[in-house]
Amino acid sequence: MARERYLVGVSQEELAYTPPPPPPSTPQGKWENFWYHYKWVTIGVLFVLVAAVVVIAHEVTKVRPDYTVCVATQQELSLQATTRLQAAFEAVGNDRNGDGKVVVTVQSLNISSETGTTYSLANRQTLMAHIAARDVLLFALDPSYYHETLEPLMDDGTLFFAPIGVDAVGVSEDGTYWNWKESPLLNEADMQAIDIWQAVPTELYFGVRHIGGNEKEQREREDYAQLLKAFVAAHS
């Protein structure tokens with residue numbers, strides 16, 4: 001009785017079994033059926049694949065420098081001067097990563113207090129971050145920054161720069177840095193005033209950090225020491 005009560009008003013045609021439609025047999029039909037059921041899954045998978053390809057391509061094509069040089073000055077360096085300095089280092093460097101070319105990244109930081117508080121502070125913080133993290137080994141520093149900021153921290157005979165090990169005009173009395181004030185490099189056109197840019201600073205202290213570390217870190221420091229020696233020999 002219960003079954004008949006629930007089926008009141010339902011025709012026999014409605015109760016008849018209706019088989020499911022046959023699966024599509026044409027390529028277009030199969031594609032439309034697939035797209036209807038798996039549209040968003042397919043889009044998600046394609047998005048992940050494209051993102052992975054972009055990341056991989058970026059990593060494969062990314063230029064990995066053999067050396068990084070941080071230049072901290074009291075004025076803005078022109079692009080021409082930065083590029084010339086980079087080329088001067090590349091000319092005497094070695095292919096450390098084995099990619100068939102010598103690449104040197106020169107990071108120029110304007111630390112002058114006259115350039116605006118926020119800008120100068122950010123550059124000074126970047127410089128101090130490199131010093132604290134020891135992720136940069138070769139520096140070219142404005143003399144006033146070296147003497148006023150770094151020297152007071154060098155107590156008990158500690159050194160910021162390691163001895164260069166070369167005898168050349170411009171090497172400091174303790175032999176730890178080279179001042180390029182007598183270098184012919186300063187007189188080149190790319191180093192002089194260009195449009196709104198000033199000429200490069202007449203004095204800069206070039207040196208390699210004096211740090212310890214494991215065997216790998218010591219080997220890296222020696223690579224940078226050899227780069228600086230070759231640079232001084234070529235431009236002193």
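For clarity, every value in this text was computed on a predicted model and none was experimentally measured. Here, residue 1 is the first one in the sequence, and each next residue gets the next number.
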request  = Report yes or no: does Glu90 contribute a side-chain atom to a donor-acceptor pair with the main-chain N or O of Lys101 at less than 3.5 Å?
outcome  = no
Ring centroid separation Phe161 to Tyr205 under 6.0 Å = no
message = Contact between Val166 and Trp178 at the side-chain level, heavy atoms closer than 4.5 Å - yes or no?
response = no
Salt-bridge criterion met for Arg64 and Asp99 (N-O under 4.0 Å) = no
query = Same cluster for Leu137 and Val69 if Ile/Leu/Val/Met/Phe/Trp/Tyr side chains link at under 4.5 Å?
reply = yes
request  = Ignoring hydrogens and angles, state whether a donor on the side chain of Glu222 or Gln218 is under 3.5 Å from an acceptor on the partner side chain.
outcome  = no
task = Decide yes or no for Ser183 and Val232: does some side-chain heavy atom of the first lie under 4.5 Å from some side-chain heavy atom of the second?
result = no
key: Donor on one side chain, acceptor on other, Asp174 and Ser172, under 3.5 Å   = yes
ask   = Closest approach of Leu186 and Pro201, non-hydrogen atoms and distance?
value = CD2-O, 3.8 Å
Pairwise distance CD(Gln198) to CG(Leu77) - rounded to 0.5 angstrom = 10.0 Å
request  = Any chance you could measure Arg96, atom CZ, to Gln226, atom CD, to the nearest 0.5 Å?
outcome  = 11.5 Å
task = Verify side chain to side chain contact (heavy atoms under 4.5 Å, CB included) between Leu228 and Leu138, making sure each step is shown before the conclusion.
result = CA-CA 8 Å; Leu228 181 58; Leu138 180 52; 4.2 Å; yes
request  = For residues Thr105 and Gln86, determine if any side-chain heavy atom of one lies less than 4.5 Å from a side-chain heavy atom of the other.
outcome  = no
ask   = Is it true that a side-chain atom of Asp66 and a backbone atom of Val103 form a donor plus acceptor pair closer than 3.5 Å?
value = yes
inquiry  = By the definition ring-ring contact (aromatic ring centres under 6.0 Å, His included), identify the one residue from Phe160, Phe206, Tyr146 that meets it with Tyr177.
reply    = Tyr146
request  = Can you measure from CD (Gln75) to CD1 (Ile111) and round to the nearest 0.5 angstrom?
outcome  = 11.0 Å
query = Are the side chains of Leu185 and Val200 in touch, meaning some heavy atoms are under 4.5 Å apart?
reply = no
remark   = The reported gap from CD in Gln80 to CG in Leu85 (rounded to nearest 0.5 angstrom) is 13.5 Å
Non-hydrogen side-chain atoms of Thr83 and Asp190 separated by less than 4.5 Å = no
query = Rounded to the nearest 0.5 Å, what separation is found between the NE2 atom of His147 and the CG atom of Leu141?
reply = 10.5 Å
ask   = Counting only N and O atoms by type, is there a donor-acceptor contact under 3.5 Å from the side chain of Ser120 to the main-chain atoms of Ser112?
value = yes
message = Would you say Met191 ends up clustered with Val92 if hydrophobic residues are merged whenever their side chains have heavy atoms under 4.5 Å apart, either directly or through other cluster members?
response = yes
Give every donor-acceptor pair under 3.5 Å between a side-chain atom in residues 207-214 and any protein atom, sequence neighbours left out.
| residue | atom | partner | partner atom | Å |
| --- | --- | --- | --- | --- |
| Arg209 | NH1 | Ile131 | O | 3.0 |
| Asn214 | OD1 | Lys216 | N | 3.1 |
| Asn214 | OD1 | Glu217 | N | 2.8 |

task = State which residues pass side-chain hydrogen bond (donor to acceptor under 3.5 Å, both in side chains) with His130; sequence neighbours excluded, sorted by chain then number.
result = Gln107, Asp135
ask   = Do the non-hydrogen side-chain atoms of Cys70 and Leu109 ever get within less than 4.5 Å of each other?
value = yes
note = Residues Thr82 and Ser108: closest non-hydrogen pair is OG1-CB, 4.3 Å
inquiry  = Main chain of Lys181, side chain of Glu203: is a donor-acceptor contact present, judged purely on distance under 3.5 Å?
reply    = no
Pairs involving residues 65-114, ordered by first then second residue, that meet ring pair (Phe, Tyr, Trp, His ring centres under 6.0 Å) (sequence neighbours left out) = Tyr67-Tyr224, Phe89-Phe231
inquiry  = Check for me, please, whether Met128 and Phe139 land in the same ILVMFWY cluster - side-chain distances under 4.5 Å, paths through other members count.
reply    = yes
inquiry  = Between Asn123 (side chain only) and Asn110 (backbone N and O only), is there a donor and an acceptor less than 3.5 Å apart?
reply    = yes
ask   = Transitively linked via ILVMFWY side-chain contacts under 4.5 Å: Val136 with Val104?
value = no
key: Any Leu204 side-chain heavy atom under 4.5 Å of Thr73 side chain   = yes
